[in-house]
Enquirer: 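Sharing a structure, written as structure tokens. Questions coming.
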Protein chains: 2
Amino acid sequence: MQNANLTMKKIAKELGVSVSTVSRALQNHPRIGSLTREKVQKLAKELHYQPNSRAINFKNNKSFNVGVVLPYLTEQYFSIALTGIEQTLMSKGYSMVVMQSMNDYERESAAIESLIKHGVDGILVSMASETYNKTHFNNATHKVPIVFFDRVLKHPRYSAVYGNITKAAFDAMEYLIGKGFTEIALMNGPNSLQSTEERLKGYIDGLKKYNIPVSASYIKNLNLTKEDTILKINELLDLENPPKVVLAFHDYIALDAMQICKERGLQINRDISFVTFSNLSFCSYLDNPPIATVEQFPAELGAQAAGLLLEAMETPDTYQPREIVVEPKLIIR
Amino acid sequence: MQNANLTMKKIAKELGVSVSTVSRALQNHPRIGSLTREKVQKLAKELHYQPNSRAINFKNNKSFNVGVVLPYLTEQYFSIALTGIEQTLMSKGYSMVVMQSMNDYERESAAIESLIKHGVDGILVSMASETYNKTHFNNATHKVPIVFFDRVLKHPRYSAVYGNITKAAFDAMEYLIGKGFTEIALMNGPNSLQSTEERLKGYIDGLKKYNIPVSASYIKNLNLTKEDTILKINELLDLENPPKVVLAFHDYIALDAMQICKERGLQINRDISFVTFSNLSFCSYLDNPPIATVEQFPAELGAQAAGLLLEAMETPDTYQPREIVVEPKLIIR
DNA sequence: CCGCTTTGCGCAATCGTTTGCACAAGCAGG
DNA sequence: CCTGCTTGTGCAAACGATTGCGCAAAGCGG
């Protein structure tokens with residue numbers, strides 16, 4: 001701890017000049033004589049002077065920290081998004097403070113409050129699936145700008161970056177129907193997520209286009225717990241006319257569902273197939289992976305959201321909340 | 001932004017009292033009259049007063065932020081560790097600022113410098129595999145305490161939390177040899193990681209105990225890139241006497257290696273089997289998973305490291321750097 | 001009624017840095 | 001020689017909250 005509390009004051013005293021002279025000398029202020037400037041910079045370097053960031057944060061009322069609240073770090077989808085966020089923020093000198101909501105409203109709300117207490121300059125949020133109440137966002141947005149990504153809240157007050165899920169679902173349906181499938185089930189997300197509705201729309205649009213009747217028993221909303229996934233896939237398999245393909249909310253759902261199918265003696269990609277949203281890397285290691293998957297480019301979503309937030313933080317007067325839509329891509333295996 | 005810059009000064013002016021009275025009233029200081037106290041607290045609540053955290057950080061020279069530097073967020077192993085860290089830190093009111101080193105020395109070094117500039121109170125590090133130079137740690141530790149976890153630097157100056165890899169490797173060997181295997185290869189990590197040496201020791205100890213000769217051609221050090229993994233597994237399979245089991249540095253290595261084995265017509269768990277370190281959740285979805293895996297409890301490692309760091313930050317005068325060893329557990333599938 | 005303690009509150013310094021302004025010295029032009 | 005400009009430096013306020021100290025009023029015992 002050789003220089004734990006080295007301040008300008010000490011440098012000033014050492015050199016017999018004032019603190020303001022030291023400050024200006026270090027900033028190469030033109031009004032400081034070159035002799036003094038050199039002297040100050042030399043000593044500062046020798047003593048490894050580093051400005052006290054907390055004092056500067058205080059003075060500028062800015063911390064160069066951004067909060068990120070997302071459901072689970074352990075879901076690769078979100079850690080990829082974080083990587084995109086980190087990269088964009090880093091290039092502008094910002095860091096990210098990360099918190100997990102675990103899909104829980106209380107935790108999400110507490111996280112946002114805590115971030116504001118910690119003095120972040122802005123917040124990126126991918127909403128918890130159990131968030132039906134939005135007051136915590138409204139309270140927070142009085143203090144710092146908020147930008148949503150992936151699991152967004154669509155509202156003119158907020159910026160949001162998300163994938164075109166309706167189109168992605170529709171594309172997937174066209175592909176499946178084109179391959180001759182008609183018994184297609186949808187294992188969708190919870191109603192609290194915007195994307196659930198959009199996915200349903202794409203699914204129905206696809207069926208309608210090819211005059212395939214929509215069967216309510218093929219459409220399941222899940223709450224993203226493993227238990228519920230097991231319950232719903234069993235319901236589907238118990239139908240008189242079980243589906244031949246399942247369009248799944250994401251890979252994790254599909255994996256658990258596939259497990260049940262196997263336990264019930266079905267062979268994946270012969271008796272039943274899956275199409276998923278999210279394209280996780282480890283699916284490529286499966287012997288029988290989903291036949292297709294929607295790549296949603298989470299890193300891109302994160303990066304774009306971080307870009308909007310940067311704009312909102314750096315030019316708050318001119319910033320207008322807006323939405324960015326990233327086009328997903330159907331990947332066929 | 002109704003109350004973006006509401007300070008004690010405004011409350012004081014509004015009520016015709018001094019700022020110090022407001023400050024004390026909000027802290028329930030006994031010397032403030034109950035009438036004044038009520039008045040101040042009521043108004044503060046009405047106006048949604050929140051203390052300016054940057055001012056408090058500055059005054060206390062403390063930010064309640066902790067930096068975490070790790071190789072990849074997208075490796076589930078590390079995101080689980082982060083979850084353990086988050087939980088421990090959260091309970092004491094700290095948040096974590098996360099940065100990825102991508103196993104690169106330059107990035108790691110820059111991350112640590114950036115964290116210090118951002119004013120974190122302490123740093124948790126899981127070292128990059130390409131870090132051979134330690135000067136960035138030495139520089140940083142003059143400013144804030146550093147605690148290593150999982151990929152640690154063993155040195156009396158630093159605290160470290162890590163798994164007993166030697167024993168874990170030895171246990172795995174005993175299990176394999178007990179099952180009748182003798183042709184056991186080791187796909188180890190890079191030399192820069194402490195655990196590589198320890199894993200090798202456990203491997204050799206196991207062979208020696210059962211008088212199985214150590215074959216240098218069965219021992220490979222990897223640099224953790226996919227290309228290198230492919231190269232090394234091919235070298236192993238090309239041997240006159242290819243191994244029947246591979247002890248792999250972690251699941252990601254094993255997955256890539258298994259892929260190559262399959263491409264070469266081998267059937268996993270019949271012609272060749274794998275034992276891995278790290279026990280990632282998705283391996284349970286594989287049709288032919290590794291026959292055993294070493295659970296290293298990354299959340300526990302992270303939590304313990306965070307605990308040490310908390311101690312180092314909160315009682316710096318009495319804190320002595322030390323090491324904590326977490327016992328891994330062999331899980332047999 | 002005096003001297004003491006208690007109660008209630010404000011003043012001012014402090015943390016480290018930045019910055020508008022003032023001031024003095026030097027110098028050039030008229 | 002005076003005016004006005006440039007150059008180099010320091011003073012002091014500011015950011016928001018905390019806190020030691022001081023002061024005045026009130027209360028109380030003798």
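Letters go in sequence order (proteins before strands), and every chain restarts at 1. Given the structure is predicted, the values throughout are model-derived calculations rather than measurements.
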Enquirer: Would a distance-only check, ignoring hydrogens and angles, find a side-chain to backbone donor-acceptor pair under 3.5 Å from Ser159(A) to Arg322(A)?
Expert: yes
Enquirer: Output the residues of residues 18-27 of chain B in contact with DNA chain C, where contact means a heavy atom of the residue under 4.0 Å from an atom of the strand; sort by number or write none.
Expert: Ser18(B), Ser20(B), Thr21(B), Arg24(B)
Enquirer: Could you give the CZ-to-P distance, from Phe58(B) to dT17(C), as a whole number of Å?
Expert: 8 Å
Enquirer: Once you round it to whole Å, what is the distance between P of dT18(C) and CG of Asn57(A)?
Expert: 12 Å
Enquirer: For Tyr162(B), does the six-membered ring have the charged nitrogen or CZ of Lys154(B) within the cation-pi criterion, i.e. under 6.0 angstrom from the centroid and within 45° of the normal?
Expert: yes
Enquirer: Can we say Lys42(A) and Glu46(A) salt-bridge, meaning some charged N sits less than 4.0 Å from an Asp/Glu carboxylate O?
Expert: yes
Enquirer: Verify, without hydrogens or angle tests, whether Ser101(B) (side chain) and Asn103(B) (backbone) share a donor-acceptor contact under 3.5 angstrom.
Expert: yes
Enquirer: Rounding to an integer number of Å, can you tell me how far Lys9(A) NZ sits from dA13(C) P?
Expert: 13 Å
Enquirer: Between P on dA25(C) and CZ on Arg31(A), what's the gap in Å once rounded to a whole number?
Expert: 16 Å
Enquirer: Round to the nearest Å and state the distance from Asn60(B) atom CG to dT14(C) atom C1'.
Expert: 12 Å
Enquirer: Hey, does the side chain of Lys59(A) come within less than 4.0 Å of dT19(C)'s phosphate (OP1/OP2), counting only N and O?
Expert: no
Enquirer: End-to-end bend of the helix from dC1(C)-dG30(D) to dG30(C)-dC1(D) (five-pair axes, 10° rounding)?
Expert: 70°
Enquirer: Want to settle it: does Gly16(B) or Ala55(B) sit nearer the 5' end of DNA chain C, counting the closest nucleotide to each?
Expert: Gly16(B)
Enquirer: Taking Phe64(A)'s backbone N and O only, do any of them form a donor-acceptor pair with Asp121(A)'s side chain (distance below 3.5 Å, no angle check)?
Expert: yes
Enquirer: Below 4.0 Å from chain A heavy atoms, what is the first contacting nucleotide of DNA chain D and what is the last?
Expert: dT7(D) to dG16(D)
Enquirer: Between His118(A) and Val120(A), is there a donor-acceptor pair closer than 3.5 Å when you use the side chain of the first and the backbone of the second?
Expert: no
Enquirer: Take the protein atom CG of Asn61(B) and the nucleotide atom P of dT14(C), then report the distance between them rounded to whole Å.
Expert: 17 Å
Enquirer: Could you tell me the separation between the NZ atom of Lys10(A) and the P atom of dC15(C), rounded to a whole number of Å?
Expert: 10 Å
Enquirer: Check each of Asn60(B), Asn61(B), Asn57(B) against Arg54(A) using the side chain to side chain donor-acceptor pair (under 3.5 Å) test, and report the only one that passes.
Expert: Asn61(B)
Enquirer: Using modelled atom types only, decide if a donor and an acceptor are shared between the side chain of Arg24(B) and the backbone of Arg31(B) within a distance under 3.5 Å.
Expert: no
Enquirer: Please check: side-chain N/O of Lys10(B) versus main-chain N/O of Asn5(B), any donor-acceptor pairing under 3.5 Å?
Expert: yes
Enquirer: Within the side chain of Thr141(A), is there an N or O that forms a donor-acceptor pair under 3.5 Å with the backbone of Asn138(A)?
Expert: no
Enquirer: So, does Glu108(A) use its side chain to make a donor-acceptor pair with the main chain of Ala128(A) at under 3.5 Å?
Expert: yes
Enquirer: Separation of Lys62(B) atom NZ from dG16(C) atom C1', in whole Å?
Expert: 19 Å
